[in-house]
Number of protein chains: 2
Amino acid sequence: MALGDAILACLTERPMTGYELAKTFDSSIGFFWKADHQQIYRELSKLRDRGHIQGREVVQTGKPNKLVYTLTPEGRTALRHWAARPSTPASTKDDLLVRLHALDSIDIEPLRTDLMARLEHHRDRHANYERILKKRFPEGTAEGRLDLGNLLLLRLGARHEQMVADFCEEALDALSAMSGKATVVPLEDGKREGKG
Amino acid sequence: MALGDAILACLTERPMTGYELAKTFDSSIGFFWKADHQQIYRELSKLRDRGHIQGREVVQTGKPNKLVYTLTPEGRTALRHWAARPSTPASTKDDLLVRLHALDSIDIEPLRTDLMARLEHHRDRHANYERILKKRFPEGTAEGRLDLGNLLLLRLGARHEQMVADFCEEALDALSAMSGKATVVPLEDGKREGKG
DNA sequence: CCGACTTTTGTCCGTTACGGTAAATAACGG
DNA sequence: CCGTTATTTACCGTAACGGACAAAAGTCGG
């Protein structure tokens, strides 16, 4: 149950409602962890049952009342214990990779379309990371533990998106070369600063 | 259900038993898709029920009889249809990243240990990718669609592991710098040449 | 003004996926 | 005899995902 711990991690920053958490999982932490609002509400109930978080109802006029969740000391401890256990490296599980593995049994045209969409997707995300980096860390330095973690995360994210975007480009190139009859895939590893 | 399709993708190469598939999911395709043998057997039953694969029992003396599964034409079609649908970009879901997000609420020592373990893990995997690359594609070129896909995959895998390993190293460096009291994270290689 | 749509805050229910434990069967190696 | 390799399968619990619904107030268009 890592989703629960991801929520606890979010709540270390400030108390939040399920709705705000859902928003958060759509931006910052959501860059590497997807969860929709139902999942979050369900997980919140479990965490509350476990005593890891505590909900305080805030009466609102006009809108339905909201439940602001705060980490309890038990929750903090649980998070620390969870964080002290060795992490398990996650596997990628990307459909695209499976398709490439069976490249000669599938249709290339839709694949090409897909690769182009993905290229755009990863470029967008890369730009987004860079934008946030420039805004939050214009000096490229962090002050304090929390900032350090987020800076590291943003840099990793940016590089990852860059890498995948490059990969999509190369795959498209190779596919073109292939359908053009040549059987050689261009480029080799290392840097490859795009010709702009 | 992408696992089912991953299995179909594997079976395009050659007919296999559940046992062999489990092995495969421990090496080649398993580099980016984890699945243990129970999952695979379960999925195989479903695929057989759906008529996407067909099992042929091979009587063995000494060992339990084995069931060799072959793709049916329906299975091939299903795979092609699946591969023609746009892929959904997968999110990372790595515990380590969640921990970094809550860096100031967790203990650094176990994190450091974990980072070192992960560094080694990703270096090993990188070496493994490079080894396979050198063996299967000494020229760095592919002949034929199937080879192209696998070459691309291996290169992506190698780069990915390299990147994550580098990330672990940087995180460790930054953590050391931090506990040494300085609050500045050293500049990374590559871009970002802001400060002198 | 009415109806449609969005925002905010959730709940319910069903399916898919994952993972631990275990068991049956039989050769081979130490 | 015990452990490992090979092979398949069952049972069971939890984690994760995702569609639909609810309820009440806000905003926009006709």
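Within every chain, numbering begins at 1; the chains are lettered A, B, ... in the order of the sequence lines, protein sequences first and strands thereafter.
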Open item on the list: So B:S45, base contact, sugar-phosphate only, or nothing? Heavy-atom distance under 4.0 Å.
Closed with: nothing
Task: Donor-acceptor pair under 3.5 Å, B:Q39 side chain vs C:dG19 base - done: no
Task: Approximate separation, where rounding is to 0.5 Å, of B:H122 NE2 and B:Y129 OH - done: 11.0 Å
Can you tell which of [options] lies closest to the side chain of [X]?
X: A:Q38; options: D:dT8, C:dT11, D:dA10; result: C:dT11
X: B:Y41; options: D:dT7, C:dC18, C:dG10; result: D:dT7
X: A:H37; options: D:dT8, C:dG10, C:dA17; result: C:dG10
X: A:K66; options: D:dT9, C:dG19, C:dT9; result: C:dT9
X: A:D36; options: C:dT8, D:dG18, D:dA6; result: D:dG18

[N] [atom2] sits how many Å from [X] [atom1], rounded?
X: B:R42; N: D:dG13; atom1: CZ; atom2: C1'; answer: 11 Å
X: B:D95; N: D:dA16; atom1: CG; atom2: P; answer: 10 Å
X: A:Y19; N: C:dT8; atom1: OH; atom2: P; answer: 4 Å
X: B:N65; N: C:dA24; atom1: CG; atom2: P; answer: 18 Å
X: B:K46; N: D:dA10; atom1: NZ; atom2: P; answer: 14 Å
X: B:L47; N: C:dT16; atom1: CG; atom2: C1'; answer: 14 Å
X: A:R50; N: D:dA15; atom1: CZ; atom2: C1'; answer: 11 Å
X: A:K34; N: D:dG18; atom1: NZ; atom2: P; answer: 11 Å

Open item on the list: With no hydrogens and no angle check, just 3.5 Å: does a side-chain donor-acceptor pair link B:H126 and B:Q162?
Closed with: yes
Open item on the list: Is it the case that the side chains of A:E139 and A:T141 hold a donor-acceptor pair, with the cut-off being a distance below 3.5 Å and no angle test?
Closed with: no
Task: Pair A:E170 + B:R159, salt bridge at N-O below 4.0 Å - done: yes
Open item on the list: Strictly below 4.0 Å: does A:K23 bring a side-chain N or O up to OP1 or OP2 of C:dT9?
Closed with: no
Task: OP1 or OP2 of C:dT8 under 4.0 Å from side-chain N/O of A:T17 - done: no
Validation: residues 83-98 of chain B side-chain donor-acceptor distances under 3.5 Å, sequence neighbours left out:
residue, atom, partner, partner atom, Å
B:S87, OG, A:D114, OD1, 3.3
B:S87, OG, A:D114, OD2, 2.9
B:S87, OG, A:R118, NH1, 2.7
B:D94, OD1, B:L96, N, 2.9
B:D94, OD1, B:R118, NH1, 3.4
B:D94, OD2, B:R118, NH2, 2.5

